[in-house]
There are 2 protein chains.
Amino acid sequence: MSGAGGDPVAYHVSKMTDSVKSATRKPGKRERLVTAATRVLHEQGVEKTTLADIAQAAEIPVGNVYYYFKTKDQLIEAAIGAHAQHLHTMTAILEQHAATPQDRLKALVQGWVDQRDLTVSYGCPTGTLCSELGKRADGLDRVAAGVMGLLIDWVERRFAEMGRADSRELAVALVAAYQGISLLTNTFRDPELMTAEGRRLTRWIDSLA
Amino acid sequence: MSGAGGDPVAYHVSKMTDSVKSATRKPGKRERLVTAATRVLHEQGVEKTTLADIAQAAEIPVGNVYYYFKTKDQLIEAAIGAHAQHLHTMTAILEQHAATPQDRLKALVQGWVDQRDLTVSYGCPTGTLCSELGKRADGLDRVAAGVMGLLIDWVERRFAEMGRADSRELAVALVAAYQGISLLTNTFRDPELMTAEGRRLTRWIDSLA
DNA sequence: GTCTATACGTTGATAGAC
DNA sequence: GTCTATCAACGTATAGAC
């Protein structure tokens with residue numbers, strides 16, 4: 001890991017601490033930087049994206065980035081933290097709008113299908129992140145893996161609630177199916193691949209109930 | 001696309017042509033370069049790999065690379081061609097060692113499981129390539145997609161031989177499952193994920209027979 | 001054909017003015 | 001806190017000696 005604010009959760013805490021320390025601080029800049037980074041890193045990939053790309057998207061001068069983040073890796077880490085936050089929000093909504101474990105899982109799948117156009121263009125945000133960072137061994141790879149773990153854990157809990165003893169294996173299989181079809185949807189630029197696999201997975205979930 | 005020798009097949013043809021043109025040519029250098037590129041690009045990823053990395057792995061001076069390839073992209077293209085060649089060889093062996101479509105598909109799955117240690121370290125060679133190049137729109141992305149297409153086509157033919165009308169969808173699902181579990185196996189550095197999914201897929205193929 | 005030297009742009013990061 | 005100017009290192013690619 002590369003310094004303080006090492007994990008996605010700690011990032012938000014340290015941000016709050018800073019806000020308390022100086023009341024004059026504009027919270028907009030840092031947040032804009034992270035939001036821009038999240039989007040641009042997804043669109044261009046981690047290794048190909050420069051700080052200039054992110055700074056431009058956030059409408060912030062390049063050199064100024066270093067006031068908010070000591071290194072490029074720390075900015076990437078914050079962007080991964082934003083993914084974790086987004087995932088948390090999404091699963092909370094799923095739990096609110098669907099009652100049974102099966103319905104929640106099927107709603108998750110439907111969400112994937114609804115996102116298919118973004119997947120066609122850039123692949124799954126978490127998946128492409130893990131794919132690139134998986135070739136590293138500097139700590140950032142573990143941070144990305146953490147987000148993927150959160151997703152699998154959530155799915156596993158739903159299968160467990162359905163009374164499945166093999167809930168972990170089923171969760172891994174469902175997320176793997178999504179990651180795989182995301183890759184193919186992006187590779188062949190064909191949203192219909194995601195739609196068709198969504199139908200298959202929905203039937204599969206029903207068959208397990 | 002970035003010039004002559006635009007597709008994986010044409011590469012091998014142009015190589016042959018060159019060999020005919022000058023009998024004194026050492027075929028070792030170019031081939032070593034492509035072999036090294038194939039390995040290093042898989043290990044480090046496309047965007048992070050420099051020509052110096054590849055040249056060093058091939059034990060060739062950096063500047064000399066440009067005698068064999070006009071640009072870095074053309075070397076990458078040749079490496080993708082090597083993947084296509086390898087895939088062709090592999091499927092030929094599968095057809096030789098297994099008789100029925102089911103057995104051939106199960107042998108394919110077993111091959112994936114046997115490769116799990118490499119997947120733990122660097123992910124699926126074709127998959128990580130497609131993931132990175134999928135963010136481009138310069139032609140190389142289509143070349144990588146071509147290799148993935150070869151694999152799906154081969155699988156589809158086996159399902160068709162089994163009499164399945166939905167052979168294309170099944171082929172996409174099987175390859176997606178492999179790509180997805182490859183990503184997770186690499187993300188969590190856990191070969192057991194691949195082993196377990198291999199068992200699941202083998203049972204699934206049997207259930208379709 | 002093979003290799004060395006080097007040009008030229010870009011990148012992450014720093015120093016310091018305001 | 002914000003921004004500009006700039007550095008040092010590295011990347012691709014070229015020129016040209018042998």
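We use all heavy atoms of the structure for the numbers below, so side chains are in, but hydrogens, waters and symmetry mates are not. Keep in mind the model is a prediction, meaning the values are calculated, not measured. Chain A is the first sequence line, chain B the second, and so forth, proteins listed ahead of strands; every chain is numbered from 1.
In this structure, the CD1 atom of B/I60 is 10 Å from the C1' atom of C/dT2, given to the nearest Å. The nearest whole Å value for the distance from the NZ atom in A/K29 to the P atom in D/dC3 is 4 Å. We find that CG of A/L33 is positioned 14 Å from C1' of D/dC3, with the value rounded to whole Å. Taking atom OH of residue B/Y67 and atom C1' of nucleotide C/dA5, one finds them 20 Å apart after rounding to whole Å. Look at CD on A/Q56: it is 17 Å from C1' on C/dG12, rounded to the nearest Å. Whole-Å rounding puts the B/K48 NZ to C/dT11 P distance at 16 Å. Between the CZ atom of A/F69 and the P atom of C/dT11 there is a distance of 20 Å, given to the nearest Å. We find that CG of A/L51 is positioned 19 Å from P of D/dC7, with the value rounded to whole Å.
Annotation: side chain of B/F69 is in contact with side chain of B/L33 (closest heavy-atom distance under 4.5 Å).
Of the side-chain N and O atoms in A/N64, none sit less than 4.0 angstrom from OP1 or OP2 of D/dT2. Distances shorter than 4.0 Å separate none of the side-chain N or O atoms of B/Y66 from OP1 or OP2 on C/dC3.
The side chain of B/P61 lies closest to C/dT4, out of C/dG12, C/dT4, D/dA13. Candidate nucleotides D/dA13, C/dT14, C/dC3 were compared by shortest atom distance to the side chain of B/T71, and D/dA13 ranks first.
When each of B/L170, B/L108, B/V109, B/D103 is tested with B/I205 by the rule side-chain contact (heavy atoms from CB on, under 4.5 Å), just one qualifies, namely B/V109.
In this structure, A/R39 fails the cation-pi test against A/Y122, since its NZ or CZ atom is not both closer than 6.0 Å to the six-membered ring centre and inside 45 degrees of the ring normal.
Electrostatic pairing of A/R158 and A/E95 counts as a salt bridge here, judged by a charged N lying under 4.0 Å from a carboxylate O.
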